[in-house]
Protein chains: 2
Amino acid sequence: MTTDDPLARTELTFLLGMGFQLVLAEFVRRVAEAGYPDLRPVHGLAFQVLRGGGTTGTELAERLGVTKQAAGQLVDDLERRGYVRRAPHPSGGRRRLVVLTERAIEHLAVAGRVLHALEAELAAGIGADDLAALRTELSRLVRHLAGDSPPPLRPLW
Amino acid sequence: MTTDDPLARTELTFLLGMGFQLVLAEFVRRVAEAGYPDLRPVHGLAFQVLRGGGTTGTELAERLGVTKQAAGQLVDDLERRGYVRRAPHPSGGRRRLVVLTERAIEHLAVAGRVLHALEAELAAGIGADDLAALRTELSRLVRHLAGDSPPPLRPLW
DNA sequence: GCGGCGAGTAAAGCAACTTGACTCAGGCGT
DNA sequence: ACGCCTGAGTCAAGTTGCTTTACTCGCCGC
């Protein structure tokens, strides 16, 4: 034995990084191919925060882990491109609600289909049992490190 | 049953992202604590490329996936801070060899110890069998997506 | 010698943030 | 009724880490 597998010696941190990078790159490639070449991962994360009623700009900023100014710039950009619009906030005041347009909701649906298709292909490629085991162990790792509240994904190293 | 685990419904891509983000954040925290608060992950990646004799600036750029100008700026910065120095290239010409100083080699040793300590703690925390299974399945995933040549890690989403 | 390839460098531009300073609507105490 | 504080939002400038463009310079082949 000792087939001298380089990956067997690779630190867990690097294995996680490679796996994530490979899967994410394929996801981004497919989403771009499906008609959204100008949406970065952070846009999808913002859409996920906003899905189901929208939030204020400040709350979006907190959920994305950036300043409210940065969130404001992101919203400006997405508004110009027709993915979100600003509506008056029911509680009045100076607050405004950032809500998704139909275009963004379509994107979320497409992205979800891509994620599931990708996962299904991986299940076929490496074996459904192996993929299930990977999910199980990853869940265990995440729960061990973050408790029951999954950490918000943030597009930063 | 149906304990209604939110992670069980989470897409593989997100599980990978969370796992990577959590482990990397802890790694960076410990490395900073160990006396390197001003080194980002990209610096460690550069050190790994340069370990064992150094390379030219252009090759470093290729291995990091950036332009040679960006690599040059990185080297300027690391040189100012005493982590690398530029030596004449044995093959002469305009080429110069970027080599690590003792300070960078010490950092590599520290970072390696942190990685292994972290992995050992995770093994204790979630079970050695589970960690081994996680490594096995991650390796399978990476090999399926990238073949036998592990992809270079790059600090980008 | 001389033409050009390739490493390296210099300068300017750009994207995605940050920090700092401001405006403004509403709630609240007095 | 009034002042005033709080917090959402915005405006402007600065920072960082890259890129693009354009150059310099040393060697090698012919």
Side-chain angles (χ1 to χ4, degrees), chain A residues 21 24-25 28 32 36-47 49-50 53-81 83-99 152-157, chain B residues 21 24 28 32 37-47 49-50 53-81 83-99 152-157:
Chain A
Q21 190 168 283
L24 182 72
V28 170
Y36 303 94
D38 52 354
L39 286 182
R40 290 175 297 121
V42 66
H43 298 127
L45 295 178
F47 292 170
V49 171
L50 297 175
T55 69
T56 65
T58 298
E59 187 182 347
L60 175 63
E62 285 163 2
R63 302 273 293 272
L64 292 180
V66 296
T67 60
K68 58 183 180 176
Q69 292 89 333
Q73 291 172 19
L74 190 76
V75 170
D76 285 345
D77 178 41
L78 289 174
E79 190 172 36
R80 258 194 309 273
R81 289 152 64 187
Y83 286 105
V84 306
R85 61 190 171 78
R86 304 194 211 227
H89 196 284
S91 84
R94 212 174 153 75
R95 309 171 102 187
R96 307 180 70 185
L97 211 52
V98 180
V99 295
L153 266 186
R154 297 205 276 133
L156 288 177
W157 262 52
Chain B
Q21 189 167 286
L24 182 73
V28 169
D38 52 353
L39 286 181
R40 289 175 297 123
V42 66
H43 299 128
L45 295 178
F47 292 170
V49 171
L50 297 175
T55 69
T56 65
T58 298
E59 187 182 348
L60 175 62
E62 286 163 1
R63 302 274 292 271
L64 292 180
V66 297
T67 60
K68 58 184 179 175
Q69 291 87 336
Q73 292 172 19
L74 190 75
V75 171
D76 285 345
D77 178 41
L78 289 173
E79 190 172 36
R80 256 193 312 272
R81 290 154 61 188
Y83 287 106
V84 305
R85 61 190 172 77
R86 305 195 209 227
H89 197 283
S91 83
R94 211 175 153 72
R95 309 172 104 186
R96 307 180 71 186
L97 211 51
V98 180
V99 296
L153 266 187
R154 295 205 277 133
L156 287 177
W157 263 53

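Proteins get letters first, then strands, A, B, ... in listed order; numbering begins at 1 in each. Values below: every heavy atom of this structure, side chains too, minus hydrogens, waters and symmetry copies. Everything numeric here is computed off the predicted structure, so don't read it as measured data.
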So, for B:Lys68 and B:Ala61, which heavy atoms are closest and what is the spacing to 0.1 Å? CA-CB, 3.5 Å
Within-4.5 Å side-chain heavy-atom neighbours: B:Leu78 and B:Val98: no
Applying side-chain contact (heavy atoms from CB on, under 4.5 Å), can you list everything that pairs with A:Arg94, at least two apart in sequence or on another chain? none
Does a side-chain heavy-atom distance below 4.5 Å link B:Thr55 with B:Leu50? yes
Less than 4.5 Å apart, any side-chain heavy atom of B:His43 and any of B:Leu74? yes
Pairs: protein N or O with nucleotides 24-28 of chain D N or O, under 3.5 Å:
{"from": "D:dT24", "atom 1": "O2", "to": "B:Arg94", "atom 2": "NH2", "distance (Å)": "3.1"}
{"from": "D:dC25", "atom 1": "O4'", "to": "B:Arg94", "atom 2": "NH1", "distance (Å)": "3.0"}

Counting only side-chain nitrogens and oxygens, does A:Arg96 get under 4.0 Å of the OP1 or OP2 atom of D:dG7? no
Heavy atoms only: give me the nearest B:Gly53-B:Leu97 pair and the separation to one decimal. O-CD2, 3.6 Å
Kindly list each side-chain donor-acceptor pair under 3.5 angstrom involving residues 84-91 of chain A, sequence neighbours excluded, with atom names and distances?
{"from": "A:Arg86", "atom 1": "NE", "to": "A:Glu79", "atom 2": "OE1", "distance (Å)": "3.2"}
{"from": "A:Arg86", "atom 1": "NH2", "to": "A:Asp76", "atom 2": "OD1", "distance (Å)": "2.1"}
{"from": "A:His89", "atom 1": "ND1", "to": "A:Ser91", "atom 2": "N", "distance (Å)": "3.0"}
{"from": "A:His89", "atom 1": "ND1", "to": "A:Ser91", "atom 2": "OG", "distance (Å)": "3.0"}
{"from": "A:Ser91", "atom 1": "OG", "to": "A:Arg95", "atom 2": "NH1", "distance (Å)": "3.3"}

Which part of the nucleic acid does B:Gly72 contact within heavy-atom distance under 4.0 Å: base, sugar-phosphate only, or nothing? nothing
I'd like to know if the side chain of B:Glu59 and the backbone of B:Gly54 have a donor-acceptor N/O pair within less than 3.5 Å. no
Under a 4.0 Å heavy-atom criterion, DNA chain C is touched by chain B from C:dG6 to C:dA10
Atom pairs under 3.5 Å: protein N/O with N/O of nucleotides 16-21 of chain D:
{"from": "D:dT19", "atom 1": "OP2", "to": "B:Thr67", "atom 2": "N", "distance (Å)": "3.1"}
{"from": "D:dT19", "atom 1": "OP2", "to": "B:Thr67", "atom 2": "OG1", "distance (Å)": "2.8"}
{"from": "D:dT19", "atom 1": "O4", "to": "B:Gln73", "atom 2": "NE2", "distance (Å)": "3.2"}
{"from": "D:dT21", "atom 1": "O4", "to": "B:Gln69", "atom 2": "NE2", "distance (Å)": "2.3"}

All heavy atoms of B:Val66 vs all of B:Ala71, minimum pair found to be CG2-N, 4.0 Å
Taking every non-hydrogen atom, the tightest pair across B:Val28 and B:Pro41: CG2-CG, 4.0 Å
Shortest non-hydrogen separation from B:Arg63 to B:Pro152 and the atoms involved: O-CB, 4.0 Å
Under a 4.5 Å cut-off applied to non-hydrogen side-chain atoms, are B:Leu156 and A:Leu24 in contact? no
Angle between the two end axes of the helix from C:dG1-D:dC30 to C:dT30-D:dA1, five base pairs per end, rounded to 10 degrees? 0°
Test your reading of the model: is there a side-chain donor-acceptor pair from B:Arg81 to the backbone of B:Asp38, 3.5 Å cut-off? yes
